[in-house]
Number of protein chains: 2
Amino acid sequence: MSDKGVAAVERALAILDCFESDQESLPLKTIAQKTGLYKSTILRLCVSLESYGYLRRREDGDFQLGPTLWRLGALYRNRFDVATHIRPVLKRLSEATGESASFYVRDGDARICLMRHNSSQAIRHHLEEGVRLPLNLGAAGHLIQAYSDASDPKTQEIKANSYAISLGERDPNTASIAVPVLGRGDAFMGALVVSGLRTRFDEEARQKAITLALEEARRLSQDIYG
Amino acid sequence: MSDKGVAAVERALAILDCFESDQESLPLKTIAQKTGLYKSTILRLCVSLESYGYLRRREDGDFQLGPTLWRLGALYRNRFDVATHIRPVLKRLSEATGESASFYVRDGDARICLMRHNSSQAIRHHLEEGVRLPLNLGAAGHLIQAYSDASDPKTQEIKANSYAISLGERDPNTASIAVPVLGRGDAFMGALVVSGLRTRFDEEARQKAITLALEEARRLSQDIYG
DNA sequence: TTTTATTGTTCTGTCTGACAGAACATCGTT
DNA sequence: AACGATGTTCTGTCAGACAGAACAATAAAA
């Protein structure tokens, strides 16, 4: 199951991965179906997850995510200085371009939308924070992939340009641009993205968004990461 | 190491527990010191934690918490309907009493402050969200313990009263009161707490705070948990 | 109410995965 | 250049973890 990791740990984390929406609790049977693990195996793994606060067992037996995830998630999130830096940037980008603005990071073999400022226009590219999307589709996915994997065929071009564009890849009516936010020592921290209705977010608008996003990304790098 | 759980899983979670503040990265040596694990053991466990996004390895080798924790932490947090329910309650309690108001849940053998509205007064009981505190000190700790462990000597009294009080237990100048928020089927969900300067938060003020907090808790139970 | 089906809990033999700890490699300091 | 500190790789041993059966409790159907 594991290649150079520890199989039992990966089983335990696969259990946590079963939880997908808030307000959710899951019975043992559902976890067994989703993970393919035996119930006795799950129960034993859950003893450890509960003891560290990652899961909680309800009185009716259903499992729920536990408070440790909130605490560690808060630690992680604070590293990006959410309240003081990135969110205002997303607001400015959204207002300046009229489209939605987001910040994505890699999450295993997917990307996750950490923060979002949706456009105020009635017709807009709307997504919720926390959503996970594939790496092989969308400007943010290509950019993240390019900065993670030097052997990716698009890496050289994307790094040379310092942006990625996608037209209708995930949704036929959507266009998006993504620029990198770099930290200390040019470490890739995440993707700053503007996305909108393809007919409105045309080439001229995209070029303007790229320019604005690159400027905001440069300022973020200086302000947050030195 | 483990009693009925899985030792490898608990080792992995012990690694995650090493991270205590935001902006933090930890070198291998520090994790080995904090956990008492061998470096080779840590490295193997970290392969699994990285592959699921719980950790990230920086180019200089240091470890950081990864985006999965944010995602799962957001799922957990949303279960409490933060934005729509509990936070306004804390604001009202704080404004009505003039003291700080918080919401605590159990986190293993500690309690964690999930949400907080600090008093606007210059002299106030100030804490940050996310802080972990012991169960054996403070009104919230006693209340949580009473609702978790029927054999606790204080359980009967606290449940009969529907509140706990502490005077100078954790900090000699602080007084606090805690009332339970119950969910479906009277399941204990967390502690609603008001805390402040002991000389100002006197018996009359505490009694008033208890009354207000019980009313808010009852309303929360109806609104959120049916 | 009884019977059947479903879901959760407990147990244990087997074997292989994980660990301890040494050896080695790399980097930083003197 | 030498030494110390930190990170990486390797492997023999055995005890822990799993698979899966049996049992218990609960829910649904007859």
Side-chain angles (χ1 to χ4, degrees), chain A residues 1-20 24-52 54-66 148 150 183-187 226, chain B residues 1-20 24-52 54-66 148 150 183-187 226:
Chain A
M1 184 201 204
S2 171
D3 179 26
K4 301 266 193 78
V6 177
V9 174
E10 298 186 5
R11 289 193 177 96
L13 303 183
I15 291 170
L16 294 178
D17 261 8
C18 292
F19 294 87
E20 290 177 336
E24 185 175 33
S25 64
L26 293 177
L28 177 63
K29 168 194 167 77
T30 304
I31 295 177
Q33 282 173 333
K34 289 186 172 226
T35 59
L37 297 170
Y38 282 97
K39 294 176 291 182
S40 56
T41 301
I42 292 167
L43 287 173
R44 192 169 177 199
L45 292 164
C46 286
V47 167
S48 299
L49 290 170
E50 279 178 81
S51 72
Y52 277 76
Y54 287 75
L55 280 186
R56 148 185 294 168
R57 194 79 188 273
R58 261 183 6 194
E59 278 178 22
D60 67 355
D62 280 16
F63 295 91
Q64 288 176 318
L65 293 175
S148 306
R184 203 169 285 116
D186 279 355
Chain B
M1 184 201 204
S2 169
D3 179 29
K4 300 269 193 80
V6 177
V9 173
E10 298 185 4
R11 288 193 179 94
L13 303 183
I15 291 170
L16 293 179
D17 260 8
C18 293
F19 294 87
E20 290 177 335
E24 184 175 32
S25 64
L26 293 177
L28 178 61
K29 170 193 166 76
T30 304
I31 294 176
Q33 282 171 335
K34 288 184 172 225
T35 59
L37 297 170
Y38 282 96
K39 294 178 290 180
S40 56
T41 300
I42 292 167
L43 286 174
R44 194 169 175 198
L45 292 163
C46 286
V47 167
S48 297
L49 290 170
E50 279 177 80
S51 72
Y52 277 76
Y54 286 75
L55 280 186
R56 143 185 301 169
R57 193 80 187 270
R58 264 187 0 197
E59 281 178 18
D60 67 353
D62 279 17
F63 295 91
Q64 288 175 320
L65 295 175
S148 310
R184 202 169 285 112
D186 279 356

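The structure presented is a predicted model; accordingly, all values stated were derived computationally and were not measured.
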**Report entry** Lys39(B): salt bridge (Lys or Arg N to Asp or Glu O under 4.0 Å) partners, not counting sequence neighbours
**Finding:** none
Query - side-chain contact (heavy atoms from CB on, under 4.5 Å) against Leu43(A), all qualifying residues, sequence neighbours excluded - result: Leu28(A), Arg57(A), Phe63(A)
Query - Whole angstrom value for the distance that separates C1' of dT6(D) from CG of Asp62(B) - result: 11 Å
Query raised in the report: Does a side-chain heavy-atom distance below 4.5 Å link Tyr54(A) with Leu16(B)?
Result: yes
Report task. Decide yes or no for Ile31(A) and Leu37(A): does some side-chain heavy atom of the first lie under 4.5 Å from some side-chain heavy atom of the second? Result -> no
Query raised in the report: Got a sec, which residues hit salt bridge (Lys or Arg N to Asp or Glu O under 4.0 Å) with Lys34(B), two or more places apart in sequence or on another chain?
Result: Glu20(B)
Under-3.5 Å N/O pairs linking protein and nucleotides 24-27 of chain D:
none

Query raised in the report: So which one's nearest nucleotide on DNA chain C is more toward 5', Val9(A) or Asp60(A)?
Result: Asp60(A)
Query raised in the report: Does a side-chain N or O from Arg44(B) land closer than 4.0 Å to OP1 or OP2 of dT8(D), or not?
Result: no
Requested in this report: Please determine, for the side chain of Thr41(A), which listed nucleotide (dC18(D), dC19(C), dA17(D)) has the closest atom?
Outcome: dC18(D)
Requested in this report: Take the protein atom CG of Leu37(A) and the nucleotide atom P of dG8(C), then report the distance between them rounded to whole Å.
Outcome: 15 Å
Could I get a table of every N or O pair under 3.5 Å where one atom is in the protein and the other is in nucleotides 4-7 of chain C?
from, atom 1, to, atom 2, distance (Å)
dT7(C), OP2, Lys29(A), NZ, 2.7

Query - Degree of bending, the helix from dT1(C)-dA30(D) to dT30(C)-dA1(D) (end axes from five pairs; round to 10°) - result: 50°
Query raised in the report: Among dT10(C), dA19(D), dT9(D), which is the nearest nucleotide to the side chain of Leu43(A)?
Result: dT10(C)
Query raised in the report: Could you state the NZ-P distance from Lys4(B) to dA17(D), rounded to the nearest angstrom?
Result: 14 Å
Query raised in the report: To the side chain of Val6(B), which of dT8(D), dA17(D), dC19(C) is closest?
Result: dA17(D)
Query raised in the report: Does dA20(C) have OP1 or OP2 sitting under 4.0 Å from an N or O in the side chain of Tyr38(B)?
Result: no
Query raised in the report: At what distance, to the nearest 0.5 angstrom, does CD of Gln64(B) lie from OG of Ser25(B)?
Result: 5.0 Å
Report task. Would you mind telling me which of dG20(D), dA20(C), dA18(C) lies closest to the side-chain atoms of Ser40(B)? Result -> dA20(C)
Query raised in the report: What integer distance in Å separates Ile31(A):CD1 from dG8(C):C1'?
Result: 12 Å
Query - Non-hydrogen side-chain atoms of Val6(A) and Thr41(B) separated by less than 4.5 Å - result: no
Requested in this report: Look up atom CD1 in Ile15(A) and atom CG in Leu45(A), then write down how far apart they are to the nearest 0.5 Å.
Outcome: 4.5 Å
Query raised in the report: Can you tell me if Ser48(A) uses its side chain to pair, donor with acceptor, with the backbone of Glu10(B) under 3.5 Å?
Result: no
Query raised in the report: Taking side chain as C-beta onward, heavy atoms only, is Tyr52(B) less than 4.5 Å from Val9(A)?
Result: no
Report summary line: Leu26(A) CG to dG8(C) C1', in whole Å, measures 15 Å
**Report entry** Atom-to-atom span, CZ of Arg58(B) to P of dG7(D) - whole angstrom
**Finding:** 12 Å
Requested in this report: With the side chain counted from C-beta on, respond yes when Thr35(A) and Arg11(A) share a heavy-atom pair under 4.5 Å apart, and no when they do not.
Outcome: no
Query - Rounded interatomic separation in angstrom, taking CZ from Phe63(B) and C1' from dT8(D) - result: 11 Å
Report summary line: Taken to the nearest whole Å, CG/Leu45(A) to C1'/dA19(D) is 13 Å
Query raised in the report: Has the side chain of Arg44(A) got a donor or acceptor atom that lies under 3.5 Å from a matching backbone atom of Gly5(B)?
Result: yes
